[in-house]
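Scroll down for the structure; my scribbles are underneath it.
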Amino acid sequence: MTVRTRADLADLPNYVPGRSVPGAVKLASNEVPGGPLPSVIEAIASASTQVNRYPDSGASLLVDTLSRHLDVEADHLAIGCGSVSLCQQLVQATCQDGDEVVFPWRSFEAYPIIVQVVGARQVRVPLTESHRLNLAALAQAITPATRLVFLCNPNNPTGTPLGREEIEDFLDRVPEHVLVVLDEAYREFVTDPGIPDGIEVARRRFEAGRDNVAVLRTFSKAYGLAGLRVGYCYATPSVAQALRKVYLPFSVNAVAQAAAVASLEARDELLVRCAEISRERERVRDGLLDLGYEIPPSQANFVWLPLGEDTAAFTEHCLDHKIIVRGFPGEGVRVTIGDREENDLFLVAATSYLEH
Ligand SMILES: *Cc1c(COP(=O)(O)O)cnc(C)c1O
């Protein structure tokens, strides 16, 4: 007898551990270079003494702290074990067999996997020639079976952002029963004032009686807590409640909750670091443009090199220089912005790549 696992799981990629090269600079996963602040380490240490107890499954202290910092009502918030978990909860909360989820492609790698695991159908909409989300095509891809649309702003892995007007226009075109999820994992690195804060966009729509927007944020990127797994969603109370119903109980652990609260209290200090990374992003992009690379404008903590067939060669060349970047074979390379020294090492590698 053989255990019958789902046949469709064969279509899913197996987990491939990230390459680790001793002494290498890791610019592959959009992490921030700085470790947790002393106040955050202290909160983690203090919470660790209580781990014989279950965490607060409602994360009430974190939710209240978020509510204060974002100036939103607590019943509009749901937390998750990383915003990747909230992506899954959103699909679980809206879709049953055969319902459709529309998303841009290439975009966040978790979208297709989550949609398939939940048992919904993926509708991938190619990016434009300039590596941007194609909102007209995304709107056209919506059918009576569509329940949810992911918009990643700025987009991972291309870094390209969506502006206020195009988002508002898109939201106006989407049927009211289709939930539009603004995935803002990189919001804190945005410097262009034309890129709206999704929470503001959503708040205004809620006030106008429209409820089909949700915004995802994470503590993994700007707040530097990727290893602890905590994110949140801002949505209407009924969507937030649905997310809590499909929440895997206790999945945001007590240490993560304490670290997230402490990071919010240290927000200003962390945002100074983000501003530095955004400045470095522009310096790295300018350096690459000077070298003749095509680099779409990025508003995230990474840049995209659409190298097509040269992707594998470039990735290997970086590895030879002890720099780990993220290659998407046949498409391009995503390079996370590190600290100044790391970025300089990368620019040296990008320069020597052109010389051989
Ligand atoms: C990194 C990332 C996330 C999720 O990160 P978590 O660590 O699960 O919070 C979500 N969306 C996008 C687009 C990302 O790049």
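Counting begins at 1 with the first residue of the sequence. Note that these values count all heavy atoms, side chains included, but never hydrogens, waters or copies made by symmetry. Worth saying up front: this structure is predicted, and the values here are computed from it rather than measured.
In summary, E168 and R205 engage in a salt bridge, as defined by a charged side-chain N under 4.0 Å from a carboxylate O. Between R203 and E73, none of the side-chain N atoms (NZ, or NE/NH1/NH2) sits under 4.0 Å from a carboxylate O, so this pair counts as no salt bridge. For the pair D197 and R217, the salt-bridge criterion is met [side-chain N within less than 4.0 Å of a carboxylate O]. Here R340 pairs with E280 in a salt bridge; the nearest charged N to carboxylate O distance falls below 4.0 Å. Between E276 and R279, at least one side-chain nitrogen of the basic residue sits less than 4.0 Å from a carboxylate oxygen of the acidic one, meeting the salt-bridge criterion. By the 4.0 Å N-to-carboxylate-O rule, R283 lies close enough to D344 to be salt-bridged with it. We find that K221 and E31 are not joined by a salt bridge, their nearest charged nitrogen and carboxylate oxygen being 4.0 Å or further apart.
Here the closest heavy-atom approach between residue A214 and residue L179 is recorded as N-CD1, 4.0 Å. The nearest pair of heavy atoms linking S298 to V303 is CB-CG1, 4.4 Å. Across every non-hydrogen atom of C95 and A120, the tightest pair is CB-CB, 3.9 Å. Closest approach of A47 and V255 over heavy atoms only: CB-CA, 4.0 Å. Contact between S352 and H317 at its shortest, heavy atoms only, is OG-NE2, 2.9 Å. When all heavy atoms of P13 and I113 are compared, the pair lying nearest together is CG-CD1, 4.1 Å.
Under a 3.5 Å cut-off, the side chain of S67 and the backbone N or O of V63 do not form any donor-acceptor pair. A donor-acceptor contact shorter than 3.5 Å is absent between the side chain of D183 and the backbone of L151. Remark: side-chain polar atoms of T218 are paired, donor with acceptor, to backbone N or O of S220 under 3.5 angstrom.
Counting non-hydrogen atoms of neighbouring residues, nucleotides and ligands closer than 6.0 angstrom, the OH atom of Y54 reaches no more than 12 such neighbours. E269 CD: 12 or fewer foreign heavy atoms inside a 6.0 Å radius. The number of heavy-atom neighbours closer than 6.0 Å to CG of N14, taken from other residues, nucleotides and ligands shown, is 12 or below. Within a 6.0 Å radius of CZ in R121, no more than 12 heavy atoms belonging to other residues, nucleotides or ligands are found. In R267, the CZ atom is not crowded: 12 or fewer heavy atoms of neighbouring residues, nucleotides or ligands sit closer than 6.0 Å. In E42, the CD atom is not crowded: 12 or fewer heavy atoms of neighbouring residues, nucleotides or ligands sit closer than 6.0 Å.
Using a 30° and 60° split on the angle between ring planes, Y234 and F206 fall in the tilted class, from 30° to 60°. By the 30° and 60° cut-offs, the orientation of the rings of F103 relative to W105 is perpendicular. Between F219 and Y232, the two ring planes are tilted [angle within 30° to 60°]. Ring pair Y111/F150 is parallel by interplanar angle, where below 30° counts as parallel and above 60° as perpendicular.
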Original post:
T143 and E100: side chain to side chain donor-acceptor pair (under 3.5 Å), yes or no, with the steps?
Top reply: CA-CA 8 Å; T143 73; E100 292 174 358; 2.8 Å; yes

Original post:
Should F170 and L162 be marked as a side chain to side chain contact (heavy atoms under 4.5 Å, CB included) after you check the CA-CA gap, both sets of side-chain angles, and the distance that decides it?
Top reply: CA-CA 11 Å; F170 181 81; L162 294 170; over 6 Å; no

**OP:** Report the C-alpha distance between L133 and L127 in whole Å, list the side-chain angles of each, state the deciding distance to 0.1 Å, and finish with yes or no for side chain to side chain contact (heavy atoms under 4.5 Å, CB included).
**Re:** CA-CA 5 Å; L133 305 199; L127 302 183; 3.7 Å; yes

Subject >> Candidate pair V72 and L77, rule side chain to side chain contact (heavy atoms under 4.5 Å, CB included), full reasoning >> reply: CA-CA 8 Å; V72 301; L77 295 169; 3.9 Å; yes

Original post:
Going through the checks in order, is the side chain to side chain contact (heavy atoms under 4.5 Å, CB included) test met by Q257 and L61?
Top reply: CA-CA 8 Å; Q257 292 182 31; L61 179 60; over 6 Å; no

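To the nearest 0.5 Å, atom CG of residue L305 and atom CZ of residue R285 are 11.0 Å apart. In this structure, E342 CD and L347 CG are separated by 12.0 Å, a value rounded to the nearest 0.5 Å. For the atom pair CD1 (I337) and OG (S278), the distance works out to 9.5 Å, reported to the nearest 0.5 Å. Atom CG of L182 sits about 10.5 Å away from atom CZ of R187, to the nearest 0.5 Å. Taking CG of D8 as the start and CG of D11 as the end, the distance is 6.5 Å to the nearest 0.5 Å. Expressed to the nearest 0.5 Å, how far CG of D99 lies from CZ of R147 amounts to 4.5 Å.
Judged by distance alone, the side chains of N155 and T158 do bring a donor and an acceptor atom under 3.5 Å apart. In the model, T236 has no side-chain atom that pairs as donor or acceptor with a side-chain atom of H76 under 3.5 Å. Residues T128 and N134 have side chains that never bring a donor and an acceptor to within less than 3.5 angstrom of each other. For E184 and N153, the side-chain atoms include no donor-acceptor pair closer than 3.5 Å. There is no side-chain donor-acceptor pair under 3.5 Å between S107 and R124. For the residue pair H131 and E331, no side-chain donor N or O sits within less than 3.5 Å of a side-chain acceptor on the partner.
At a threshold of 4.5 Å between non-hydrogen side-chain atoms, the residues L90 and L148 count as touching. Q89 places a side-chain heavy atom less than 4.5 Å from the side chain of Y247. Using a 4.5 Å heavy-atom cutoff, the side chains of T351 and L291 are in contact. Between L135 and D169, the closest side-chain pair of non-hydrogen atoms is not below 4.5 Å. Considering only heavy atoms from C-beta on, V201 comes within 4.5 Å of L171 through its side chain. Counting heavy atoms from C-beta on, the side chains of L248 and S85 never come closer than 4.5 Å. Put simply, the side chain of D339 does not reach to within 4.5 Å of the side chain of N343, judged on heavy atoms. R334 is listed as a side-chain neighbour of N156, based on a closest heavy-atom distance under 4.5 Å.
A single hydrophobic cluster is not seen to contain both L66 and V181; linkage of ILVMFWY side chains at heavy-atom distances under 4.5 Å, directly or through other members, places them apart. In terms of hydrophobic clustering, with Ile, Leu, Val, Met, Phe, Trp and Tyr side chains grouped at heavy-atom distances under 4.5 Å, V117 and I114 are assigned to different clusters. Note: the hydrophobic cluster containing V333 also contains V284 (ILVMFWY, side chain heavy atoms under 4.5 Å, direct or indirect links). There is no path of hydrophobic side-chain contacts, each under 4.5 Å, that joins V230 to V32. No chain of hydrophobic side-chain contacts below 4.5 Å, direct or via other Ile, Leu, Val, Met, Phe, Trp or Tyr residues, connects V101 to V174.
Taking the centre of each ring, H321 and Y353 stay at or above the 6.0 Å mark. The distance between the ring centers of Y186 and F302 falls below 6.0 angstrom.
A cation-pi arrangement is present between R326 and F328, with the terminal nitrogen or guanidinium carbon under 6.0 Å from the aromatic centre and inside a 45° cone about the axis.
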